[in-house]
Structure formats: structure tokens, C-alpha cells
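Below: the structure, in C-alpha cells.
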Amino acid sequence: MHIPDGFLTTPLWLSLDVVSVPVVGWCGRRAQAGTDESKAPLLGLMGAFVFAAQMINFPVAPGTSSHLLGAALLAFTVGPAAAVVVMTAVLSLQALVFQDGGLLALGANVFNMAVCGVLAGYLPYRYWGAGRLRRAAVFLGGALSVFVAATLAITELLLSGIRIPGAALGASLLVFAVSALIEGTITVAVLEALERINPSWVETRPGQARPAMGLLALASVVLVTVGVLFASAAPDGLEKLAVRAGINERARALMETPLAGYEVAFFSGSWAAKAGAGLVGLALAGALGWALARVIGRRRRV
Amino acid sequence: MHHVVLDEWSRRTSPVHRAEPRGKLLGALAFLVCVATAPRIEVPQFGGYLLLVLAGISLAKLPVVPVIARAAVVLPFSGVFAVMSAVAGDTDRAMAVVVKSYVSALAVLLLVATTPLPRLLRAAERLGAPRMVIVVVQFLYRYLFVISEQAQHMRQAARCRGELARRRSAGWRARFRAAAGALAVLFGRSYERAAAIHQAMLARGFDGRIRSLAPPAGSATGWWLPAAAALVAVAIRLAHRMEFPWPL
């Protein structure tokens, strides 16, 4: 599910953009850590592979077929940090060239599919990938990568105040569950075929990944569970919830206080003042994310 | 493949094509922010946004109808949620998601149809996007067609070997495993191609950065057009009636 622009409420897309840039920057450095050789060619070709994989159809039921989505498979082969980078590259290209997903919503889509999807898919593999339960871990990883990403997307839409009737919500969760099972099955089949061709393509000792990755993965799964409960408890979205909690009033106060002096100086009408303050606040938040990405990204060259 | 047309559009010449890529990227983002934060759909304002993008499209000498049709790929997604919102009684929201997503898609399309992707990525890198991601996107775009063509060849080869006839006779399990095997082979070929490409690039002095032959022109004139467009968008945005800077 690629969310286009115009769907998410401003605090949501803005905060997910601000979160995603440094996380992806950090994953880029982690993917490159430990080797002198540039990993960029391999990761680029893996992205092209994910695109091309859409052409190979897997039979699902008579008359229907599905294809690999790939987040979990990438995590098991090139590692979770590199998989985050590959999926981010795939989503960026889809947003730019294929109009699949918005540009402002890119942070949200990256967060759902590239960060949480990949890490949630990697979670079972990290703990059970080496032992007896390997096959189950691979299956569960493939399934989780799809289910977590899709559920996060629908949660964000609900939080943005998009009304989804209960029946439709149930139906879409069911569809997500079925696609998750299909992705799990495809991931197991492809990974086993890969191991038969060349075992060195597959990460065999997953327990050695950094504990930070495991924690992040766990956090993303917990986030989804909490998110679904939260969204189903508050079906009217952030708006009603904010009103109920008085956040709206507080947000106004917060928005206007640091810019109070400017309001008097530059704007006379109250609506212009609010709009101006809002846009300046938006620019400040964007600048903060940019600066954060710069500081984190500067320490090492690709 | 249908995005080849985008490559052709982005290599034409016009004032919009000649504008500074960083300026166009920032201008497009400013436009998208104005549209995304608009509190409600008001006809004059959204007419203004639409006219602004259409002016850009005609100034760029792009074929108007194909561009308008191409941006419509967002409509199925928006339509589903618009219908759901409308059924739930929130027609304002239904209207907003369709209009906002379409106008935004049109603006992004104008950006990528007037800037060749390598130059756009370079602009994003200079504006502070994570470089690792930028380099990976460059490789991905360069080899997307190669790998896709390989997948097509493999599919055609499978058909030559009687895949379609076997569909009826072979069991589900066998077909599933055949597809998995094909995908594993495609993975292996991509993996090995990456190693060969990397070695060839190292031999030519690759150090992890992709350099472009045409150095970005440093003229200030290229900034005027996107800056003016962004200012118009902000002006339209300020003309919205307001209760809070954006709807929560």
C-alpha cells in the first residue's frame, strides 16, 4: 500500500519524514560498515531484482496469482540494514517515476514498508533463523513484513481521519492476512531454492546482528499492535482524539508562542498570522530533520 | 515499458527543463506542502493550484493530455477511500483526498518530466538526502531495464518449454516451486551481475560516488522560475480561509 500525497494529516507525514531520513541514513552507514568495498552496486541490482520479481507469477488459487514483495527476502540475504536501504530506493523510484505513492508521504511509506516491514520481517529470523525453527522463522518473517507494513499504512490513514467502515476495515485486515501468508510461503520457497544454488547468498548466522536491530524490530511489531488497538478504539481519527485530549488547544499555544513576536511585526490579520506561524513551524521542523540527517550522515562516506 | 516516455519528456528543452534542478525540487516540495496543508477544498484556490501546474506543463511544452492521463494513476487508490469516506457521510474528506492526491501527482509528474532522473537525484544529494540511498537509486534505475528484460526472457523461455500447457496438468506445488526456482535464478544472476559491474567500475576508478559529465550550471537565472512558482503557490495557500494552520 503506497500512500499518495493528500491523505495523511500534516503532523503525521511531517513527523514520519523527519523520523525516516535519519533512520535510513543510519542504515546506509550500517550497511556499509565492515567492508571497504562499496555495496551500492549490489544494493542497486537487488532493487532492480525486486522490481523484476513482479513479473514472475506464483499460482495462488485457480485463476489468481501473486508475486514476491521482497522486504523479508532481502533482509535474509543482504542483511536488515542493507534491505532498508534497498527498499527505500525502490519506494523513492516508485514515487518519482511511477507516481506510486506521494513525495511528502514518502517518509510514511518508507517508515511502513522499508523500515518497519524489513525489521519486523527480520525479527523472527534473527532469533530462530539458525536452529530447528528456521523454516517457520522464514515463513513468519515474510508474513510479518507484509502484515506490519499494510497495517501501519491503514492505521495512519485512520489516524488522519479517513473514515473506513468497520466491515471494510475487517475485510482489508483479512486481505492483508492472506497476502501475508502468501508472501511467507513465497519467501520460504525462494530462500530454499537460493540455498540449493549457492548457500553463501543467504545470511547463515543471523544471531550475530547488532542487538539494536532486534530492539528496533521488536519496537516496530509492538507499534503495529498498539497502533491497531489505538486506531480501532478511536475510529474518528486524530482530530476527535485531539479535541478530547485538549491537544488541539495546546498545539495552538505551542505553535504561536515561539513566533509571537513575529506575528505582531509581520502579520495583522489573525488568519494570516496563524497560517504564517504554521508554515514557519513547518519549515523549522523540516530544517531540523535536514540538519539531523546531515550530522548523522557526515561522519562517513559511502 | 511505459516509463520510457518519461525519459523522453525529461530530455526535451524548454525554460522549465533548463531551470535549476535544486530549485525545481524545492519548488515542487513547497507546492506539495501548500496543497497538503490546505484546510479544505475551495474551488478558486484549487483552481489556482491546478492552473499553476498546467501553466508549468504548457511552458515545458509537454503533451497535456498524456500528462493529465498519467497522473490519473493515483485515482484508483484515492477513489476507494473517497467512496468509503462518502459512504460514512464525510463528503468533504472524500473530495479532499481525490483533489489533493491528483494535484500533487500532477506536480510530481511535472518535476520528473522536466528533469532527467540523474540530475534530479544529484540535486537531492546536494540538498542533503542520504548519499547511500541516492547512489543505490542511480544503480537501480540504470539496471532496472536490464534485469526486467532478463525476467521477461526467462518467462518467455519457460513458455517455450511448454509452461502454459503444463499449467493444467502440473500440480499447484510443482508450479509454485518452478516459480520459486526461476526467482532464485534471477536473484543469482542479479547478484553476479552486481559483482561484475562493481569490478568493472573499480577498474575505471569508482570510489563510491557517481559523477556526471555535465557539471550543474551555476547560473542564478535557473532559480527564478521555480522560486516564482513556489511564491504563487504560497500566495494561493494564504488565500485559504483559516482556522488553524492545517487540519488535524
Side-chain angles (χ1 to χ4, degrees), chain A residues 4-7 9-10 24-25 28 32 38 40-49 51-53 55-56 58-59 68 85 88-89 92-93 96-99 102-104 162-165 168 189-190 193-194 197-198 201 238-239 242 248 271-272 274-275 277-278 282 290 293-294 297 301-302, chain B residues 3 6 32-33 36-37 71 73-74 77-78 81 84-85 87-88 90 93 97 100-101 104-105 108-109 112 128 130-133 135-137 139-141 143-144 147-148 151-152 155 172 175-177 179-184 186-188 190-191 193-194 197-198 208 238 242 244-246 248:
Chain A
D5 281 330
F7 273 80
T9 177
T10 306
V24 170
Q32 194 53 62
S38 170
L42 175 63
L43 302 191
L45 269 281
M46 286 295 113
F49 162 75
F51 261 102
M55 289 180 196
I56 293 178
F58 285 79
L68 177 82
V85 175
T88 304
S92 310
L93 203 62
L96 286 173
V97 178
F98 298 89
Q99 276 74 51
L103 210 54
L104 294 180
I162 309 282
R163 302 277 186 84
I164 303 173
V190 176
L194 271 180
I197 300 176
N198 185 349
W201 287 333
L238 214 52
E239 190 175 359
N248 214 342
W271 63 266
K274 282 171 186 164
L282 211 57
W290 178 80
R294 258 286 147 93
R301 288 194 161 185
V302 169
Chain B
H3 46 274
L6 209 57
L32 291 176
V33 168
T37 59
V73 295
V74 297
F77 187 95
S78 313
F81 286 96
M84 281 202 245
S85 293
V87 167
D90 195 351
R93 174 81 64 179
V97 295
K100 282 184 174 184
S101 64
S104 303
V108 174
L109 192 54
V112 291
R131 189 193 296 153
M132 180 74 172
V133 176
V135 179
V136 171
V137 176
F139 273 106
L140 169 47
Y141 191 64
Y143 287 99
L144 176 59
I147 304 291
S148 297
Q152 265 166 353
R155 196 167 58 175
W172 176 87
R175 283 192 287 138
F176 202 91
R177 288 184 63 179
L183 212 50
L186 189 66
F187 180 98
S190 311
Y191 207 99
R193 193 187 287 273
I197 291 166
H198 189 215
L238 290 177
M242 205 64 55
F244 185 67
W246 54 71
L248 259 176

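With chain A as partner, the option from B:Leu140, B:Val136, B:Val108, B:Val137 having the largest number of non-hydrogen pairs under 4.5 angstrom is B:Leu140. Interface check for chain A: of the options B:Ser101, B:Ala182, B:Ala71, B:Ala151, the most heavy-atom pairs under 4.5 Å are formed by B:Ser101. Note: A:Val190 leads A:Thr88, A:Val190, A:Val24, A:Ile197 in heavy-atom pairs under 4.5 Å with chain B.
Residue B:Phe176 comes nearest to A:Ala189 through the heavy atom pair CE2-CB, 3.8 Å, listed as atom of the first residue, atom of the second, then distance. Closest non-hydrogen pair, A:Ala40 versus B:Met132, comes out as N-CE, 4.4 Å. A pairwise comparison of heavy atoms in A:Ile162 and B:Ser85 identifies CG2-OG, 3.9 Å as the closest pair. Taking both residues in full, the closest heavy atoms of A:Ala48 and B:Ile147 are given as CB-CG1, 3.7 Å, listed atom of the first, atom of the second, then distance. Smallest separation of non-hydrogen atoms from B:Ala105 and A:Gln99: O-CG, 4.3 Å. Minimum heavy-atom separation, A:Met46 to B:Ser190: CE-CB, 4.1 Å.
For the atom pair A:Trp201 CH2 and B:Tyr191 OH, the distance stands at 8.5 Å (nearest 0.5 Å). For the atom pair CZ of B:Phe139 and OG of A:Ser38, the computed distance is 6.5 Å after rounding to the nearest 0.5 Å. If you take CG on A:Leu104 and CG on B:Leu32, they are separated by 4.5 Å, rounding to the nearest 0.5 Å.
Residue contact with chain A, scored on non-hydrogen atoms closer than 4.5 Å, involves the backbone and the side chain of B:Val97 alike. The contact between B:Ile197 and chain A is made entirely by side chain atoms (from C-beta outward), counting heavy-atom distances below 4.5 Å. If you measure heavy-atom distances from A:Leu42 to chain B, the contacts under 4.5 Å come from both the backbone and the side chain.
A distance-only check finds a donor-acceptor pair linking the side chain of B:Trp172 to the backbone of A:Pro59 [under 3.5 Å].
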B:Leu183 vs A:Leu68, side chain to side chain contact (heavy atoms under 4.5 Å, CB included): CA-CA, chis, key distance, verdict:
CA-CA 9 Å; B:Leu183 212 50; A:Leu68 177 82; 3.8 Å; yes

Begin from the C-alpha positions of B:Tyr141 and A:Val97 and carry the test side chain to side chain contact (heavy atoms under 4.5 Å, CB included) through to its verdict.
CA-CA 10 Å; B:Tyr141 191 64; A:Val97 178; 4.2 Å; yes

Show, in sequence, the C-alpha distance, side-chain angles and deciding distance for B:Arg93 and A:Arg163, and conclude whether the side chain to side chain contact (heavy atoms under 4.5 Å, CB included) test is met.
CA-CA 9 Å; B:Arg93 174 81 64 179; A:Arg163 302 277 186 84; 6.0 Å; no

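In this structure, B:Ser104 has no side chain to side chain donor-acceptor pair (under 3.5 Å) partners at least two apart in sequence or on a different chain. The side chain to side chain contact (heavy atoms under 4.5 Å, CB included) check on B:Ala179 picks up A:Ile56, A:Phe58, with sequence neighbours excluded.
Using a 4.5 Å cut-off on side-chain heavy atoms (C-beta onward), B:Arg155 and A:Met55 make contact. Side-chain contact between A:Pro41 and B:Tyr143 is absent, with no heavy atoms from C-beta onward closer than 4.5 Å.
A perpendicular orientation is assigned to the rings of A:Phe49 and B:Phe187, their planes being inclined by more than 60° (bins at 30° and 60°).
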